[in-house]
Each structure stands twice: as C-alpha cells, then as structure tokens.
Amino acid sequence: MLLISCPWCGPREEIEFRNGGEAGVAAPEPDAEPTTDEISGFLFFRSNPKGSFHERWNHSHGCRRWVSLTRSTITHEIESESQPTGRFRP
Amino acid sequence: MSGRRQPLDPHLVERLWRTPAPKPAYDVVVVGAGGHGLSTAYYLAKNHGITNVAVLERGWLGGGNMGRNTTVVRSNYLWDQSAAIYEFSLKLWESLEDELDFDVLLSQRGVVALAHSTHDVREIKRRVSANHANGIDAEWLEPAELKRFVPIINISPEVRYPVLGGSLQRRGGIARHDHVAWGYAHAADRMGVDIIQNCEVTDFLRDGDRITGVQTTRGPIAAGNVALAAAGHTSTLADRLGIRLPIQSHPLQALVSELIEPFLDTVIMSNTVHVYVSQADKGELVMGAGIDAFNSYAQRGSFLIIERMLAAAIELFPIFSQVRVLRTWAGIVDVCPDASPIIGPLPLGNLYVNTGWGTGGFKATPASGWVYAHTIATGQPHELNAPFQLDRFRSGALVDEHGAAGVAH
C-alpha cells in the first residue's frame, strides 16, 4: 500500500485515491484544429517508463482534488513532493 | 491422464530442450520465452518451415506471466474479431496435447461469469447472445441453476452484491501453464529452434529504417526479422527505437491457498466484485483479482487488492473463510486502451510486435503464436489478427473488450 501525500489533507493511504495515469498530458486546445495524430496521442498514448514516472492521483475518498507526483515504477518509492494539479490541465 | 511424457522429474525437465550458445545470426529472433514467444517459434517451424529461429529470454523460460497467470481458458468474448481469434485458440487448445505430444492437462470444467446488477445481467446476456451468433457455446443460468452447478455458491439476496445469474461456457476451463510452456519449448527445440535463457535484449541493430538484429547481454545477434513477445516489458524495448505504443504496464496479482480436498470443479469469475477462482488438481484454490491501478514493473502490488478480492470471495463462497492463503505474487501485464492485443508489424522494417494481451493472454497462447508466426513469415497479418493492428488507435476502429476481458482470467 502506498502512502500518498495530499497537499490539502496530508499523508493518506492509497486506498483513498484513484490513480489518474501519466501527469502533464494536455488535451489539444479546442481552437487549435489538432491533427489525427495529436488526438490519437492524447486519447491513447502514454509514457510507460521503467523508472521514474510522473503521475496523477485523485483524492477521491478525501478532498476529491487532484495531485501529481513522481514515483518509481521499479520500487514504488514516491520520489517527489505532491503537487496540486488540475483535472483537465496538467 | 494419458501416457504422454510428463515432466515431473526435474532431471527430465532439463532434457526437454537444449541449452545452445547463441549463433551469430538467425532468420527470426523472438524476444521473450513466455507462452506467446514459444508458441510463435513452434508455429514458425511447424507451419512455415522456418527453423533457424532463436527465442531469447532475459530470465528463465516461462518465468514471467506464463508462470504467474491463473490458467483460465475460454473464448466467450463479445465482438466478432475477438470471438474469432479466441475461439480459434480454444479449438487449438482442444487438440494441443496431440499436437505437442505433451500433457497440458486441459480440463474443460466450464467457466462461469457472474452477474451482480441489472447492468451485469444485460451485458452478460448480450454476450451470451453474441457468442451464439458466432457459434461459441454459451448458456445463461438463473441463480437456482447456478446453485445446482456450483453448490457452494451463496445466492442469498441479502449480501452486498447478490448473484443475479451468470453465463457458462462449458468448453472453457483450465490448463497447466508450465506444461504448456514446456510443451511448446520441447516441440520447437526438436525442430531446431534455439531457446536461449539468461539473454536479455538491451538494444537493436539498425540499418537506416530497417532492423537487422538485436544487442544482448550475450553479444550482438543478427536477425532477418525481430519479433517482440515481451508482454509488460514491450514498451521498454520500443522506447529504444523511439516507437510509442498505447500500452501501460500494471501489476496483476494472484494467490493460492493451502492444499484442500477437491470441492470446486469449475471456474467462477466475477468482474463486478473482482475475483475469479478455480481449484487446481493438486487442491489449492487459485484466485486472481483486478490489476493494481498504478503503473509498475515490480511484479508485486498493493495488499488492498488482495484484501478486496478475498472479501468478495468469502461473500460468494462462505466455505472459503477457513482457508489460509499460501502465497501471493504478481505479473506485469501490458494493458491496451481497448483491452485487445496488438499483433503486427511496427513502423520499422523487419520488426514485429505482439503485445497488449493485458490480463488475458494465457488463453490465447496457441492462436497468438499461430497468427504471429503467419505475420512474420509472410509479412502480412493473418485474417484473425488483421483487426488487431497498431493503426486502430489512429483510425478509431477499436475492439472494446473491457466487458469480456475486465479482470476475469
């Protein structure tokens, strides 16, 4: 079980959170007329590193706000402070 | 049980395949000696006469997901594309012992998928109907019929997720995963395939936009074609070439109980409460859960997943409450956004990928190798894997099998 620090609620058990996948993935701007590759990339393609991974968690059974952090996918060790993040913007 | 070779003596196991040193070059190098890699090598030799093949394995043969799955075999998928490849696979399973001259201990004891909500009932009845349309055996069982088929199941309406019925595929069941790996390895080895363990692919050899071989911990190996069959580690290989895949690697946990008397003679699965269970012939209960939601390469997950799975299992089967857990583990599964695989060429010459089987690759072991071998040998997808190409994530022609794949394998 991971111990995830919520910027608003403090350290909480993983069971209170929902994993949100890779952080920092921005949706194409509505007015930008994105290409098929840009849409496909946003919808389906994410980094999948063996090592440090920047990811999002939603404190769904707590304050319901989003946080991002860096965690090792080899050891599961959380390597960074949790940062507040938005739902639709990284 | 037949009089086929049974590799129960460890000295005999060592002799099932050779331990060759890598040759400088092969027609095909398969990366990964799990079930899919070994069956690919077997069908390259058997169906296409391509025997100058190496299967490279960074660990030991069958030591990844092939030795970590819960051994369920079935074909009751929703969409035509999936039904076709999984049913082809089940037919191959049904003759696999003769094909390999090796016991794989296929036991067609039936696979039950439980419904716990109105939504589940509709979804599963729809799938039963779709299975009928595709010529796949499937039945809907009301709770009382389920109780007759599985007397230990709790069909009380008083529980949190009451059993409202379920589907049954009688031809589904389990097979002994180690025997499947050993059977394919033995048969491929006899036809001249080199299986090379403790040989990790670290990079690729390139000539412009063509792959010409692999760099390994045992030196460079040239190859006419390179075929990835590395499951959860496929992304780390593709990253070397700057190729992005729509794959995320997650832990999938399973456990076994201590050995107990035989009392469960079928496979029960529930997507809603995230548990599936069968009893192996030695007597241990084999149980699996859903994936851990986070990405990982650690081959272990969080205890909360096991706790939830056991809570669900005990509610469904109160008789389990006295059974002790013997061992838990995880495999790293390669999950695709639509819960369907990718089997085909990558955008570099002579390079192929077979990935995205996620939580359900074991049942596909024979068909996956069959169509992958066809794709590598001919340069064109087999009709069964033509729908499962990487470009579906650009075209939008996804094969959404979250309902049939879910957790349940």
Side-chain angles (χ1 to χ4, degrees), chain A residues 1-6 11-28 34-62 66-80 82 85, chain B residues 58 200 202 230-240 242-251 253 290-308 311 330 332-340 342 347 355-356 358 390-398 400:
Chain A
M1 178 101 70
L2 304 176
L3 188 63
I4 297 169
S5 179
C6 171
R12 296 299 182 98
E13 290 184 355
E14 176 194 344
I15 202 165
E16 295 187 14
F17 291 82
R18 196 171 72 80
N19 184 279
E22 185 179 13
V25 181
T35 64
T36 302
D37 281 340
E38 284 167 349
I39 295 170
S40 163
F42 171 70
L43 289 176
F44 301 123
F45 290 77
R46 295 290 181 273
S47 305
N48 189 24
K50 185 174 185 176
S52 294
F53 185 50
H54 191 44
E55 67 184 2
R56 300 193 308 164
W57 293 83
N58 182 244
H59 194 189
S60 52
H61 294 286
W66 287 89
V67 306
S68 66
L69 52 83
T70 301
R71 183 181 57 84
S72 166
T73 61
I74 302 171
T75 65
H76 297 172
E77 186 186 354
I78 294 173
E79 299 167 331
S80 76
S82 294
T85 186
Chain B
R58 73 190 185 106
E200 181 173 4
T202 54
H233 276 77
T234 306
S235 301
T236 62
L237 291 168
D239 282 349
R240 289 268 168 199
I243 296 173
R244 271 170 82 81
L245 295 172
I247 296 290
Q248 297 282 282
S249 296
H250 293 275
Q253 299 190 68
I291 58 170
D292 282 71
F294 54 72
N295 289 25
S296 172
Y297 289 84
Q299 291 187 321
R300 60 188 168 80
S302 290
F303 186 71
L304 68 94
I305 302 285
I306 291 169
E307 191 177 17
R308 284 175 180 168
I332 298 304
V333 297
D334 40 340
V335 177
C336 238
D338 60 355
S340 288
I342 301 166
T355 187
L390 180 58
D391 68 7
R392 74 178 186 272
F393 297 98
R394 270 188 103 258
S395 70
L398 305 186
D400 180 5

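Note that this is a predicted model, so its numbers are computed, not measured. Here is how names work: the chains are called A, B, and so on, in the same order as the sequence lines, proteins then strands, and each is numbered from 1.
- For a residue to count as touching a neighbouring chain, one of its non-hydrogen atoms must lie under 4.5 Å from one of that chain's; by this rule B:Leu245 touches chain A with the backbone only.
- Taking CG of B:Asn295 as the reference point, atom CD of A:Glu55 lies at 7.0 Å (rounded to 0.5 Å).
- Across B:Asp239 and A:Asn48, no two heavy atoms sit closer than the pair OD2-O, 4.5 Å.
- Within the model, atoms OG of B:Ser302 and CD of A:Glu13 stand 10.0 Å from one another, a figure rounded to the nearest 0.5 Å.
- Listed here is the closest heavy atom pair of B:Phe393 and A:Phe44: O-CD1, 3.4 Å.
- Neither the backbone nor the side chain of A:Arg18 comes within less than 4.5 Å of any heavy atom of chain B.
- Of residues 72-79 of chain A, those residues with a non-hydrogen atom less than 4.5 Å from any non-hydrogen atom of chain B are, in numerical order, A:Thr73, A:Ile74, A:Thr75, A:His76.
- Of the two parts of A:Leu2, the backbone and the side chain both hold a non-hydrogen atom closer than 4.5 Å to a non-hydrogen atom of chain B.
- With a threshold of 4.5 angstrom between heavy atoms, B:Ser296 approaches chain A through its backbone and through its side chain.
- Going from atom NZ of A:Lys50 over to atom CG of B:Leu237 covers 9.5 Å, rounded to the nearest 0.5 Å.
- How far CD1 of B:Ile305 is from CE of A:Met1: 9.5 Å, rounded to the nearest 0.5 Å.
- Rounding to the nearest 0.5 Å gives a distance of 9.0 Å between CD of B:Gln248 and CG of A:Asn19.
- Using a 4.5 Å cut-off between heavy atoms, B:Phe294 touches chain A through backbone and side chain atoms alike.
- Interface residue A:Phe45: backbone and side-chain heavy atoms are both found under 4.5 Å from chain B.
- If you measure heavy-atom distances from B:Arg300 to chain A, the contacts under 4.5 Å come from both the backbone and the side chain.
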